[in-house]
Amino acid sequence: MVMTVKGEMRPEELGWAALFEHILFAFPGWENDPWVDFNRAQVTESAVASLREFKNAGGGTIVDFNGTLLGRDAELLANISSLADVNIIATTGFSGQDFTPGHFLFPGATRRRDILDQQAGITYEVQRLDADYLAKIFYEELTLGMVGPGMMRTSFKAGVVKTGANWDRVTEADEIAIRGAARAAKKAGVAVLTTGISQAQRQWEILLEEGIKPDRIVIGRCDDGRAIDLERDKEFARKGAFVSYNHIGWEDTSLPYCIPDERRAELVKTMIKNGFAENIILSCDAVCCAISIPQPKHSYSHLLKSFVPRLKKLRIKDSVIDTILRENPKRVLGGK
Amino acid sequence: MTRVVPAEWARVPTLTGEVSPNDLGIVLLSENLMFGLPGWWYDPEVNFDRADAFELIRSALLDFKQSGGGTIVDTSGITLGRDLTLCSRIAKLTGVQVVAATGFEDENTSIPTHFALPGSNYFAPGPFDPKRGGYANSVWQREIPGNFYTANGGTKEYLMFLFYNEMTQGMVAPGFIRTKFKAGIAKTGCGWDHVNPVEERSIRGTALAARKAGLPVIITCINQVRREFELLVDEGLEPDRIVIGHCDDGRAIDLERDKEFARKGAFIAYDRIGWEDSSLSYAISDERRAEMVKTMVEAGFAEQIVLSCNAVACTITGPKCRHSFSHILKSFVPRLKKAGLKDNAIDTMLRENPKRILTRR
């Protein structure tokens, strides 16, 4: 079964799925910036409209790839999912040290867990940050409910785990978060989606060390303009992992990670010709409300309305497209 | 050099209203009423109880008041556990004047990504337009009348506006709220090993804002103090508006450095008083601190020294603080007297120097 913000679903019910999308994206700290003009009603309206468009084009499910810290709002997701009638799977996990606030960065730092007011004075119970500490947080997001700011636990559960790393290396804090995510994913039986393609190899090693099966791992951002490497992709696919081309639509080449969709389609075609159709994931990393990053010009339906026709023009068969958009997400999310 | 200053500069902003600098009393210049690294509110393992925090902070402030204290400067800054409504209420109840700070420290602990990355873009999506395949207003940036504003997050000016508005309009609270409480000091800092580009922008922005608002700046990373000082002065801040914090950090004690900065006109803060736990790298014994203070006073720098104990009344992330705000008056001042310091020198350090620092000019 797969956990969506509306509850559990059978993997067969997901339909065409895009695994790397964002409803609302903001970096930690945005809540402290009085210049942010965040209008919930407007975000809801815009997101519902663009998800309906995605649905009309044949889409069934998106994964909101925010993770715990990047502007994820569980209640907003649930509301939007109901209104648009598109399944939304939420993510738990961190994205790399540069995108993680201080509280989760310092391995030795103690955290106040409980205060017991005793007659003799006040007793602190403290915990230290390590992989098990984060695993507990992520696992509870998967099984009890996601947290919102203010240490509130909502009733909406996450359905996948994400991992990430800084661009130049996997830092100590990154490794703790990756191991924590892996332990939570293993215990809850959910898939792991990675980001930070420059450090994909190291993340992969850590995930395998923690006992995650290759067929539950999606290597994200393989079409990042700074790190395109088809040999790497084939190697991951041969080992049974999924490789994800998930920046479709990001064509503004003034940004270093963007490439034209034409080139992406070529990458996908080459992978299919090499027999890896069953290991490919496609998504377009659209953001309805981008707060701390540039606003993309495309929306969720770009994948189905523009990129799929482009693949068809390259003589990719409908059955292959169906495998990539329906069967592969079903297998990785459903675990079969 | 005299500068024409606005009339409201004659008063110091506190969480309980503006006061005359003459009414500040004994001042601790670098304390934390509450301390947590940003992101703790996403951690369900943190069992934060507001009522509990209230009780902890209230008793610590009351204790400080009863020992003779007047004002506490809370240097949490924007992201390290500043809770203005809570602290304002406690300040009112206890009668301790609390001056709050704007600013960041180093990138890892206190500059969350939103403020660190260039290109931050504030956007409200308009209605979805299927024909365009996008949103109306898709790159829409907002100008607020009366607010300084810049859309580009990758500049020192952006951070200057953030800090300046906190000094003149009101400090912010989570949830995009601008409170009515104005900052009375700015703090700034950087990583232990170097000043990275994000921190450089933050330090320069702090200097620009502080100069414009007539407020002082306290530096929190002693290891990079020369670079931080250089950057602040480079943006036009006068040395006598700069407080060098953490000069008694056990990893970087250097009396020659302290004297050099004092000669330039900056203030030297021995503000870790009470942190004696030898398992912490930055802790040293109070005995040694008293020796340092004595040496500085004897060398004629009494008018450049401030004392504080960096106590935390309510700790969310970090080592537990075993002493409280009253530690200075109850324990350290008697120690100084025993070491032979005169009452008027102590009064200068605890009363006159902070007054000169906090007075806007």
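In the text below, chain A, chain B and the rest are named by the order of the sequence lines, each starting its count at 1.
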Go through B:Asp106, B:Val172, B:Thr79, B:Ile111 and name the one with the most non-hydrogen pairs under 4.5 angstrom from chain A.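 Among B:Asp106, B:Val172, B:Thr79, B:Ile111, the one with the most close pairs to chain A is B:Val172.
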Does the pair B:Arg178/B:Glu166 count as a salt bridge with the N-to-O cut at 4.0 Å?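 Salt bridge flag = no for B:Glu166 with B:Arg178.
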Engaged part of A:Glu141 at the chain B interface, taking heavy atoms whose separation is under 4.5 Å: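 The answer is neither part of A:Glu141.
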With sequence neighbours excluded, what pairs up with B:Phe325 under the ring-ring contact (aromatic ring centres under 6.0 Å, His included) test?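 Applying ring-ring contact (aromatic ring centres under 6.0 Å, His included) to B:Phe325 gives none.
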Should B:Phe161 and B:Phe163 be marked as a ring-ring contact (aromatic ring centres under 6.0 Å, His included) after you check the CA-CA gap, both sets of side-chain angles, and the distance that decides it? CA-CA 5 Å; B:Phe161 291 135; B:Phe163 304 142; over 10 Å; no
Please list, chain by chain and in numerical order, all residues satisfying side chain to side chain donor-acceptor pair (under 3.5 Å) with A:Glu31, sequence neighbours excluded.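 Scan of A:Glu31 (side chain to side chain donor-acceptor pair (under 3.5 Å), adjacent residues dropped) gives B:Trp41.
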Tell me which of these, A:Ala286, A:Ser306, A:Pro28, A:Ala173, has more heavy-atom pairs under 4.5 Å with chain B than the rest.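 Maximum pair count with chain B is reached by A:Pro28.
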